[in-house]
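A note on names: the letters A, B, ... follow the listed sequences, proteins ahead of strands, and every chain is numbered from 1.
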Amino acid sequence: MDDEDWDTEITDNRGGGALPAFQPNFQKSGSLPVRANETSSVFGRSVKPAGVDGKQNGEEKPTGGFGNRRSFGNRGASGNRFEERNPGFGRGMIDGGDTYRGRRGSIRGGRGGHGLFTSNDYEMQDGGQQSSFFGSKRGGFGASSGDAENRGRRFRGRGGYKGINEEVIGGAGKSLWKSDGDGEGGDFAGPKVTYIPPPPPDSEDDIFAHYQTGINFDKYDNILVEVSGLDRPAAIMTFEEAGLCQTLIKNIARAGYSKLTPVQKHSIPIVLAGRDLMACAQTGSGKTAAFLIPILAQMMQDGVSATQFKEQQEPECIIVAPTRELVNQIFLESRKFAYGTCIRPVVVYGGTQTNHSVRQIQQGCNILCATPGRLLDILGREKIGLSKLRYLVLDEADRMLDMGFGPDMKKLISNPGMPPKDERQTLMFSATFPEEIQRLAGEFLKIEYLFVVVGQVGGACSDVQQTILQVSQYDKRDKLVEILQGIGDKRTMVFVETKKKADFFATLLCQEKIKTTSIHGDREQREREEALHDFRSGRCPVLVATSVAARGLDIENVQHVINVDLPSSVDDYVHRIGRTGRCGNIGKAVSFFDPATDSGIAQPLIKVLADAQQEVPSWLEEIACGSCPVGFSNPRRNMFASVDSRKAFQSKENQHSGGFLASNTSPADESWD
DNA sequence: AAAAAAT
């Protein structure tokens, strides 16, 4: 290969020195069965070290300025936050001497103060008052100061936090919110404080932290792959065939990747060939690396803007995803691959200080990982320009294009600076992709894009053992406690339908002495990240979540998913249970099915179960038969769409016209296959 | 009903 040495002078992109030597250590990469279309292909190409100037990146760590740190509760949560602080509701929150949570907080309209009990703070502060959620009484959101304590510790981390530690742990959290002159906001007269995220851990071990592939990893090779479109590049079988530079090879190995998954085998050469791509592959099968690796490789070859402070930065790559935590996860993954190169990834999302996002970007930005709202905000402030944009990635693409995010995506694509689709590469990845959304996606993609499907579009991962239990809503709490007590300390994600119920169940489980935390959109950003950290670390083996955590999150050792409430869309179900059974590991998913509310999902659910070779309860089939699925009138996408009906579009059939989102209103009245 | 910008 002729590209082995050009990057050897490059220094650590965190501002550190030259990289220590690292020997790639590919694990046993056995010979894989090669399918007919998987002939190896060489992507070694002439490499010019353009733009690779070995410049050090700017320092990523915030340098103080932590005065002003409360997430702004949007979506009306702020509107009623103080009104609901009636006696008897959330009173348990006011413990530990009026901690910051009780004081600043009730940020979620008085809810959300459920305890997250730590090992050393394990008693209900409100005397163990039992809640009766289903009886429509909303009491007993007892709280513990436990996570407040830990939170203060964790988010301190570096310089600039000194002196706060004692105050928080002492429970006098309000001092935390007093301005001591180091903040840029310092507006403590008002209730608005914006959270500044902690600097990401950046020791090399932290950066490359990963978990092991599971016993079923090799079974990925048995899954059928369908690639449609013209002039399909051949798949590659090994990382070596991708013709990557040495630094990237090292980073890939160090990040724990040794064997390609099917979606990677096909997507990497497609992206390297400069093609647009829509790719569907099961949850946990390596989609993120499937786009990051080839993008990084291309950027290394073509060169990127030097890392230096500029008022406006012009990233070569923008990656969007539907939740803040997912965007952060993608960022952390991109940081692995970019380590020791001149490519600087940056992450920005809401619930944090916009100024912090801006500063991060201004220090240099080649890959921008962002949630849509903050991205548009930053674009509007002209802190990023799009003239150098060459890669636009929509992770969880179906979600990014549906009713919720579609308008934001349209704004992004319509930005005057956005290169037309023929001058950029647009990549979309998801485990699910309803047909009508595929159709919308065509607006973003070149006519001749390629469509990769691993297995079935919208299919569940077969490494997840799925169980459906008929449980009425009134029995859910007892059943949940029973199951969790049987599970023991194994990591479990519990999904519910509403934020309120997330709080309720988290509180309930804490009362049952099960170490639980929760994540949902009405929690402060810092609380969300704290919850995720406590779950990841095992400190809280149970995470109660809304669908905010349904997609993309890659958490080690999640062995169980419990759907206390089934989602209304079967695609959401597929994503939720996909939090377990990742990367060749196995997992279990148990779902409570209440015929009173869930009959609409019975039929598509049966399809998903059957396609994943799971047992289908006879009672469920009876319910499905009874719930006549005649309606395509149901506004909810996917309600009755069978997995089988979703087929890959042939690329020449993608030349549909029609305005973006306008076509959303017209159902599948055209034949797409 | 969840989520995505702040204000």
Side-chain angles (χ1 to χ4, degrees), chain A residues 68 70-79 81 107-109 111-112 185 187 190-197 319-328 347-358 361 369-384 394-412 415 473 495-504 518-525 528 544-553 563-573 575-576 594 597-598 600-601 634-639:
Chain A
N68 184 3
R70 202 189 82 193
S71 130
F72 183 72
N74 61 0
R75 291 189 304 281
S78 58
R81 70 174 59 133
I107 286 172
R108 299 153 302 279
R111 304 194 309 264
D187 58 341
K192 291 164 193 162
V193 181
T194 308
Y195 164 63
I196 300 176
I319 301 167
V320 292
T323 66
R324 298 164 181 177
E325 288 76 14
L326 179 54
V327 138
N328 197 41
V347 64
V348 300
Y349 49 81
T352 66
Q353 281 200 351
T354 309
N355 283 343
H356 178 259
S357 297
V358 169
I361 288 172
C369 308
T371 46
R374 181 56 57 98
L375 175 61
L376 292 174
D377 187 12
I378 299 279
L379 261 176
R381 294 163 190 254
E382 300 188 325
K383 299 305 179 189
I384 60 172
L394 278 62
D395 199 14
E396 308 295 344
D398 56 329
R399 182 76 184 84
M400 301 311 293
L401 295 172
D402 76 6
M403 299 290 286
F405 288 106
D408 278 351
M409 288 299 98
K410 177 161 178 59
K411 280 181 206 160
L412 175 63
N415 186 291
Q473 61 169 321
F495 282 102
V496 295
E497 195 56 24
T498 67
K499 294 178 265 202
K500 195 189 288 183
K501 278 174 122 178
D503 285 337
F504 168 79
S518 73
I519 185 168
H520 60 68
D522 274 358
R523 299 202 78 189
E524 291 175 80
Q525 189 55 32
R528 288 167 55 158
V544 182
T546 61
S547 283
V548 69
R551 283 176 178 258
L553 296 183
N563 282 308
V564 164
D565 300 319
L566 275 166
S568 51
S569 138
V570 79
D571 282 350
D572 204 7
Y573 170 83
H575 284 281
R576 285 183 183 184
D594 181 355
T597 54
D598 300 328
I601 203 179
N634 192 303
R636 241 167 219 146
R637 70 188 174 86
N638 265 349
M639 221 36 181

To the nearest angstrom, how far is [X] atom [atom1] from [N] atom [atom2]?
X         : N      : atom1 : atom2 : value
His520(A) : dA4(B) : NE2   : P     : 12 Å
Lys411(A) : dA5(B) : NZ    : C1'   : 9 Å
Ile601(A) : dA1(B) : CD1   : C1'   : 13 Å
Asp408(A) : dA5(B) : CG    : P     : 8 Å
Asn415(A) : dA5(B) : CG    : P     : 17 Å
Leu375(A) : dA3(B) : CG    : P     : 20 Å
His575(A) : dA2(B) : NE2   : P     : 18 Å
Glu325(A) : dA2(B) : CD    : P     : 16 Å

*Partner residues of Asp408(A) under the side chain to side chain donor-acceptor pair (under 3.5 Å) criterion, sequence neighbours left out*: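 Result, side chain to side chain donor-acceptor pair (under 3.5 Å) vs Asp408(A): none returned.
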*Taking only residues two or more places apart in sequence or in another chain, which ones pass side chain to side chain donor-acceptor pair (under 3.5 Å) with Glu325(A)?*
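So Glu325(A) forms a side chain to side chain donor-acceptor pair (under 3.5 Å) with Gln525(A), Arg528(A).
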*Scan Gly404(A) against the nucleic acid and name what it touches under 4.0 Å (heavy atoms): base, sugar-phosphate only, or nothing.*
base
*From the options dA4(B), dA5(B), dA1(B), select the nucleotide whose nearest atom is closest to the side chain of Thr323(A).*
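Given the options dA4(B), dA5(B), dA1(B), the side chain of Thr323(A) is closest to dA4(B).
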*Proximity to the side chain of Lys499(A) - top-ranked nucleotide from dA5(B), dA3(B), dA1(B)*: dA3(B)
[X] side chain N/O closer than 4.0 Å to the phosphate oxygens (OP1, OP2) of [N]?
X         : N      : value
Arg528(A) : dA2(B) : no
Thr546(A) : dA3(B) : yes
Thr371(A) : dA3(B) : no
Arg381(A) : dA5(B) : no

_Charged N-O contact under 4.0 Å between Glu524(A) and Arg324(A)_ =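 Salt bridge flag = no for Arg324(A) with Glu524(A).
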*Return yes if some donor-acceptor pair links the side-chain N/O of Thr371(A) with the main-chain N/O of Gly373(A) below 3.5 Å, else return no.*
no
*How about Asp503(A) and His520(A): do any of their side-chain heavy atoms sit closer than 4.5 Å?*
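Sidechains of His520(A) and Asp503(A): in contact.
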